[in-house]
Engineer: 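For reference, the structure I am asking about is given below.
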There are 2 protein chains.
Amino acid sequence: MAQDSIGKPKRVNDPQGMRSRILDVAADLFQRRGYHSTSVQDVVQAAGATGGALHHHFPTKKALGLAVIEERVAREVNATAIEPVLRADRLKTGVLAFFSAVAGELERNQAVTGCPLNNLAMELSLADPDFRHASNAIFERWVGVLAQRFQDDDPALAPRQAGALATLVIAAYSGAMAMAKASQSALPLRDCAAQLEKLLP
Amino acid sequence: MAQDSIGKPKRVNDPQGMRSRILDVAADLFQRRGYHSTSVQDVVQAAGATGGALHHHFPTKKALGLAVIEERVAREVNATAIEPVLRADRLKTGVLAFFSAVAGELERNQAVTGCPLNNLAMELSLADPDFRHASNAIFERWVGVLAQRFQDDDPALAPRQAGALATLVIAAYSGAMAMAKASQSALPLRDCAAQLEKLLP
DNA sequence: TTAAACAGACCGGTCATCCTGTTTTTAATA
DNA sequence: TATTAAAAACAGGATGACCGGTCTGTTTAA
């Protein structure tokens, strides 16, 4: 009794698409306004969904937040901060290009919303251990990949050294983004890039 | 008719003390649980105050948050991150000692709550411009003081250079604290300090 | 006498979650 | 392949808790 032989269906189920759309919208809102300042109603409306649909895919707001971190923030960090850097000839040039690209984007846009990982990690790490672990997993992978690449570039580098170097790069980026968000300026990014250029091998 | 000639007063007004206690408690709760996750009731209870008292000193939660940033966070940054560093013979040794001190404190405590400035700045910067400006003012003063000291140490250093150097130090600290909060470990702090030791003049 | 300081209840609104019902899709069965 | 049972997907209203702000009243201090 879904529809008559010719009549259109009242709707078409697209679970994957619906889930994906909700995730996209939630990631965007959490990033721009923050997790606590975004209501599930906001997500429902912006996604053109309903409370029932959202509840079906994400029974609680926490489940939604966790999925955003694991499936969207992780992907974005990978796409903007890891893969392009790895594709560069040398890690140093890749890192500097990354800083420059982000700074350029900040200058183009009118608002600096900050690093999505940092934003959610800072807001949610102390609220719930699950959020903390999810954020930490992304940080750890990020550090691990950069450290590995530092060693590939210079096999003489001690593993301990490579890890510390990677940590500094990521910390400088995270901190610079925090300062950029507060000042609504890309200058901290450019300053840090200029200094890292001198340090990096 | 406040009290009988001998009877004790029902209470003793202590406006400054009350205000100060509320600020202390609010700063602590905002730092440990976050601004949005802390209700004004939480503050009232923890401070042993009443809704009326809190409302008398801080008409809105935003006013309370702003006062925490301007009167507590700023003070803490000054006391732990600026003055000790300035008192050191050279800025470099002061900065490294600061990193080491914070790392040691993290290792002693069981929980890493992060940098108070960063915590509140990240959570509130996009929520309200006033919060953003208040946070930015602290960042700017911090950068300014360190940059000035870099130049004092080495008059040959270009002003632009000194500022960038100061920005990197603070960004590395902020970012390392973010990573420390996510990993509940002081390692990012120590790694960054080790790398900064090589870069700083 | 007057204003400041504090007490404590109250209220309108929001929010996350739950619940009941409907429609679509899948899967089993014959 | 046709039928049907069952599950998944979605719709949308209901609810109860909580939160921030307000308001009135009382006590203390200037």
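Each chain gets a letter, A, B and so on, in the order the sequences are listed, and its residues count up from 1.
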Engineer: Does CG in A:Asp89 sit with more than 12 non-hydrogen atoms of other residues, nucleotides or ligands closer than 6.0 Å?
Structural biologist: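 No.
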Engineer: In this structure, how many angstroms lie between the P atom of D:dT24 and the NE2 atom of B:His56, rounded?
Structural biologist: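 Whole-Å distance recorded here is 18 Å.
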Engineer: What is the distance from NE2 of A:His57 to P of C:dT17, rounded to the nearest Å?
Structural biologist: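 These atoms are roughly 17 Å apart.
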Engineer: Identify the pairs formed between an N or O of the protein and an N or O of nucleotides 20-23 of chain D at a distance under 3.5 Å, and give each distance.
Structural biologist:
unit_1	atom_1	unit_2	atom_2	d
D:dG20	OP1	B:Lys61	NZ	2.7
D:dG20	OP2	B:Val40	N	2.8
D:dG21	OP2	B:Lys61	N	2.8

Engineer: Figure out the CD/P separation between B:Gln16 and D:dA30, and round it to whole Å.
Structural biologist: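 Distance check: B:Gln16 CD to D:dA30 P gives 11 Å.
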Engineer: Within the distance-only criterion (no hydrogens, no angle test), does the side chain of B:Gln184 pair as donor or acceptor with the backbone N or O of B:Val112 below 3.5 angstrom?
Structural biologist: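 Yes, B:Gln184 side chain to B:Val112 backbone: donor-acceptor pair under 3.5 Å.
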Engineer: Starting at CE of B:Met122, measure out to CG of A:Asn118 and round the result to the nearest 0.5 Å.
Structural biologist: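 B:Met122 atom CE to A:Asn118 atom CG measures 4.0 Å (nearest 0.5 Å).
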Engineer: Give a yes or no answer on whether the side chain of A:Ser20 reaches the backbone of A:Gln16 with a donor-acceptor pair at less than 3.5 Å.
Structural biologist: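 No, the answer is negative, given that no donor and acceptor are paired below the 3.5 Å cut-off.
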Engineer: Can you tell me how far C1' of C:dC15 sits from CZ of A:Arg33, to the nearest Å?
Structural biologist: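 My rounded result for the distance is 15 Å.
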Engineer: Within the distance-only criterion (no hydrogens, no angle test), does the side chain of A:Asp153 pair as donor or acceptor with the backbone N or O of A:Arg90 below 3.5 angstrom?
Structural biologist: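 No.
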Engineer: Enter the distance from B:Leu96:CG to B:Cys192:SG here, rounded to the nearest 0.5 Å.
Structural biologist: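 Rounded to the nearest 0.5 Å, the CG-SG separation comes out at 11.5 Å.
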Engineer: To the nearest Å, give me how far apart CG (A:Asn13) and P (D:dC10) are.
Structural biologist: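 Atom CG in A:Asn13 sits about 5 Å away from atom P in D:dC10.
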Engineer: Check every atom of D:dA9, C:dT25, C:dA7 against the side chain of A:Val12 and return the nucleotide holding the closest atom.
Structural biologist: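 When the side chain of A:Val12 is considered, C:dT25 is the closest of D:dA9, C:dT25, C:dA7.
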Engineer: Using whole Å, report how far NZ of A:Lys10 lies from P of D:dG12.
Structural biologist: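 Taking atom P of D:dG12 as the reference, NZ of A:Lys10 is at 11 Å.
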Engineer: Whole angstrom is fine here: how far is it from CG in B:Asp14 over to P in D:dA29?
Structural biologist: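 To the nearest whole Å, that distance equals 10 Å.
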Engineer: Find the distance B:Arg11:CZ to D:dT27:P and express it as a whole number of Å.
Structural biologist: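 It is 8 Å, rounded to the nearest whole Å.
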